[in-house]
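Here the structure is a predicted model, which is why all the values come from computation and not from measurement. A note on names: the letters A, B, ... follow the listed sequences, proteins ahead of strands, and every chain is numbered from 1.
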Amino acid sequence: MHPEFLMGNEAIALGALAAGVGVACGYPGTPSTEVLETVASRRGKGTYVEWSVNEKAAMELAAGASYAGARTLVTCKQVGLNVAADPLMSLAYVGVKGGMVVVVADDPGPISSQTEQDTRSFAQFAKLPVFDPSTPAEAYAMVIEAFSLSERIGSPVIVRPTTRVDHGYGIVEVADEHEWIQINAEGFVRDPSRWVIFPRLSCINHAAIEGRNAELTKEQSSSPFNRFETGKGRVGIVTQGVSFSYVMDALAHLSETTTEFKRPPVLKIGTPFPFPESLALSFLEGLDEIICIEELDPFLEHSLAELIGRHHLSVRVLGKLTGDVAPSGENTVESLTDLLARLLSVDPPRLPALPQAPQLPIRPPVLCAGCPHRASFYAVKRAMAGQKCVFCGDIGCYTLGNAAPLEMVDTCLCMGAGITIAQGISRVDSSVTTLSFVGDSTLFASGITGIINAVYNESRLTVCVLDNSTTAMTGHQVHPGIGRTLMGGTTEKVDIEALLHGAGVKTVKTVDPLDLAATVETLREVVALPGVKAIIFRSPCVVVARPTAHSVVDKAKCIACKRCIETIGCPAISFDGDKAHIDETQCTGCTLCEQICPVGAISGGVRP
Amino acid sequence: MSDVILCGVGGQGTVLAAKLIARAAMNAELPVTCAETIGMAQRGGSVFSHVRLDRADASPLIAHGFADLIIGLEPAETVRQLSFLRADGSVVVSARPVIPVSATVGGPPYNLPEIMAYLQDNVAQLVVVDIDAALRKLANPKVQNVVLLGAAAQTGALGVTLDELRKAIHEIVPKRFIDVNLRALEFGASL
């Protein structure tokens, strides 16, 4: 063993490697992405790792590998689990042979997600055991334990970190590579009574799963991941995950500022489902009231209220359901300090009072300087000016096309949905022209299904594929269109033009979005055609390509009309009070502003 | 014990600076935790890292009013984080603003003199770094994070020494950038 300073996601990956993971797969999604990247960079010879096209593909691949006896790891974010829900729900009934751990990163806040869904609730719905780590070190230990539990009970097991654990760093004692467990998978053994799901098998296995979970309810009471610290008084705190450390800090602050502070007992739950009932019952002894502090769903609160009801205990349960704890958003040390001061009737610490701060600029996330998506959106905006259009966006960096001054995203729901939502809108309102924007990675992940649907059902639709040759938003992962794999090898590129032609799209044009005039002309011509047609806007992500040119403003020529600032919203361009100014440390020389300037005052860029 | 917040705008290098402090702490055998902004907010947004040194079982985030030191790579972002600082805390801040698009297309304006005056009036121990002068001398626009780290180490509030930071630079920074980062650290420490 040796200590390393690790991000939670890195600790999870090293835990899986120490547990002998043979096949690891997933789809990128903040805050889960670094798990698989770390498996790829730290793996030994015996581990296969891939970015699958989507979470469903990853889940099924891992299921097969586990049937064949390998230990397997699937990683995704909470909304990715929705995509993989179909295989996972059935796999819970069929079971696995090699240990299978599904790491699902939840995102309280949410900070970079569409929903605040809680994978603890999903695990309960799927009847699968779930671990809920509070620190990177605990996440490491839980992953190793989850593999061993999975193999012991023959079922997938979920590990559910949240953003602050995924992206928090701490010192973790990790196994040396020679200490990693070696698994020799025996290969697939034919057994239709086990691997072929039929109603009768499901009925038998359902009963067995309920029995197993009842057993785990007892077992998990002695898990080291569930523990309580004794305290004073008749009010106790029940908490989980990163909120546990916030509670500890909040209690420390209150004990510093309150004389004779009675530090309440605290129960921390690391295995929320199946719920460790006997441990909770012993915690409840002698208490009149418990405060449930958790993020996302009131999961512990529900579990405890049910337990208290079943055992006819006289303990009040305060939490989200009673309106005492905020129903949504992240917890923080200060929010919990205030909450506990109020509920424990003590004074909160006094903070230094600052005078009102001056008005500060706002910094919503924006497309990078030089981002080809900016040029694509601007070209569509110009080409479609004066027409009644609906622009259906999708999930990726290009969701940021919604911001002023582009304002080119009218809808955004989930991966791939822009293509199908556009079809629904045009079924109801035939007076509008619908255009869908979809990224290259999103097209492969789930956009292509919507395109086939549009062709088959004779929709009228223009699909704008924003192909920047990477999965940019999550940190530039490879995908099927690039010709490289996560193992580091080269592979066949899936050709987007051929894919669209194969799906029955008759008109597929490819443009360089940074050539504004040509792109606008192509758009006008293609959008006017009937049926389903596609335009591929192809230009590499600047963060990957790193172009080194930059444009400069000829201040003598600049007429201060601000068109370059007010039409495209490039973060490299500002107004110095008198003329436009381009920040050379940000500018990549994409030339979009040069093509927009009415007096030719900007030059020096080089179109990549 | 030391609780440090690094803040700035995505791309300014708060993450590397936080990693250098953490590595230096690890080398000094101090417990250390860190938390940072990752994901959508990185695209030109406000970013921060919280680094907590020598606190066993600390939560990854520092509470309002408890930070010992703020290292601000951007003035407005430093004001945004100022409520985290203890009454007697220190701030090391770059004087160079990064003006967002929103301030030029009708959003709230960027009033630099007002922002700097607010810092002068409300910070017990304020060090303002003329980063443009520093970067001209170092001929590399990417090392302002390490210049500020050097200045922060000099205040004594950082919790790790210059020597430990030098060692961390050797261990973490890619080889061809070690020299310029070492020079940036020394330059910051000499201010």
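Looking at heavy atoms from C-beta onward, B:Val32 lies in side-chain contact with A:Phe5 at the 4.5 angstrom threshold. B:Ile99 places none of its side-chain heavy atoms less than 4.5 Å from the side chain of A:Pro361. Side-chain atoms of B:Pro100 and A:Pro571, non-hydrogen and from C-beta on, never get closer than 4.5 Å to each other. Using a 4.5 Å heavy-atom cutoff, the side chains of A:Val242 and B:Pro60 are in contact. B:Tyr110 places none of its side-chain heavy atoms less than 4.5 Å from the side chain of A:Ser574. Contact check for B:Phe84 versus A:Glu334: side-chain heavy atoms found under the 4.5 Å cut-off.
A salt bridge links A:Arg363 with B:Glu74: the distance from a Lys NZ or Arg NE/NH1/NH2 to an Asp or Glu carboxylate oxygen falls below 4.0 Å. Between B:Arg55 and A:Asp249 no salt bridge is recorded (no basic side-chain N to carboxylate O distance below 4.0 Å).
To the nearest 0.5 Å, atom OG1 of residue B:Thr78 and atom CG of residue A:Leu360 are 10.0 Å apart. Interatomic distance, CG of A:Leu354 versus OG of B:Ser83, reported as 7.0 Å (0.5 Å rounding). Atoms SG and CG, on B:Cys34 and A:Leu6 in that order, are 12.5 Å from each other to the nearest 0.5 Å. Taken to the nearest 0.5 Å, the CG atom of B:Leu61 stands 4.0 Å off from the OH atom of A:Tyr246.
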Test side chain to side chain contact (heavy atoms under 4.5 Å, CB included) on A:Ile171 and B:Met26; report intermediate values, then the result. CA-CA 8 Å; A:Ile171 297 172; B:Met26 248 186 111; 3.6 Å; yes
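When A:Arg164, A:His253, A:Met248 are compared by the number of non-hydrogen pairs under 4.5 Å with chain B, A:His253 comes out ahead. Top candidate by heavy-atom pairs under 4.5 Å with chain B, chosen from A:Ser335, A:Gly170, A:Pro358, is A:Pro358. Looking only at heavy-atom pairs under 4.5 Å with chain B, the residue among A:Pro31, A:Pro355, A:Pro405, A:Gly168 that has the most is A:Pro355. For chain A, the option among B:Gly65, B:Ala35, B:Ala117, B:Pro108 with the highest count of heavy-atom pairs below 4.5 Å is B:Pro108.
Contact residues of residues 170-191 of chain B toward chain A are absent (heavy-atom distance under 4.5 Å). For residues 16-24 of chain B, the interface with chain A (any heavy-atom pair closer than 4.5 Å) comprises B:Lys19, B:Ala22, sorted by residue number.
Residues in residues 96-122 of chain B take part in these salt bridge (charged side-chain N to carboxylate O under 4.0 Å, His left out) pairs, two or more places apart or across chains: B:Arg96-B:Asp132.
Around NZ of A:Lys579, the count of heavy atoms belonging to other residues, nucleotides or ligands within 6.0 Å exceeds 12.
Using a 4.5 Å cut-off between heavy atoms, B:Leu85 touches chain A through its backbone atoms (N, CA, C, O) alone. Only the backbone of B:Pro31 comes within less than 4.5 Å of a heavy atom in chain A; its side chain stays farther off. For chain A, no part of B:Leu112 is nearby; none of its heavy atoms comes within less than 4.5 Å. With a 4.5 angstrom heavy-atom cutoff, A:Cys371 does not touch chain B via any of its atoms. Using a 4.5 Å cut-off between heavy atoms, A:Pro136 does not touch chain B at all. Heavy atoms closer than 4.5 Å to chain B are found nowhere in A:Glu584, neither backbone nor side chain. For a residue to count as touching a neighbouring chain, one of its non-hydrogen atoms must lie under 4.5 Å from one of that chain's; by this rule B:Val51 does not touch chain A.
For B:Tyr118, there are no ring-ring contact (aromatic ring centres under 6.0 Å, His included) partners, not counting sequence neighbours.
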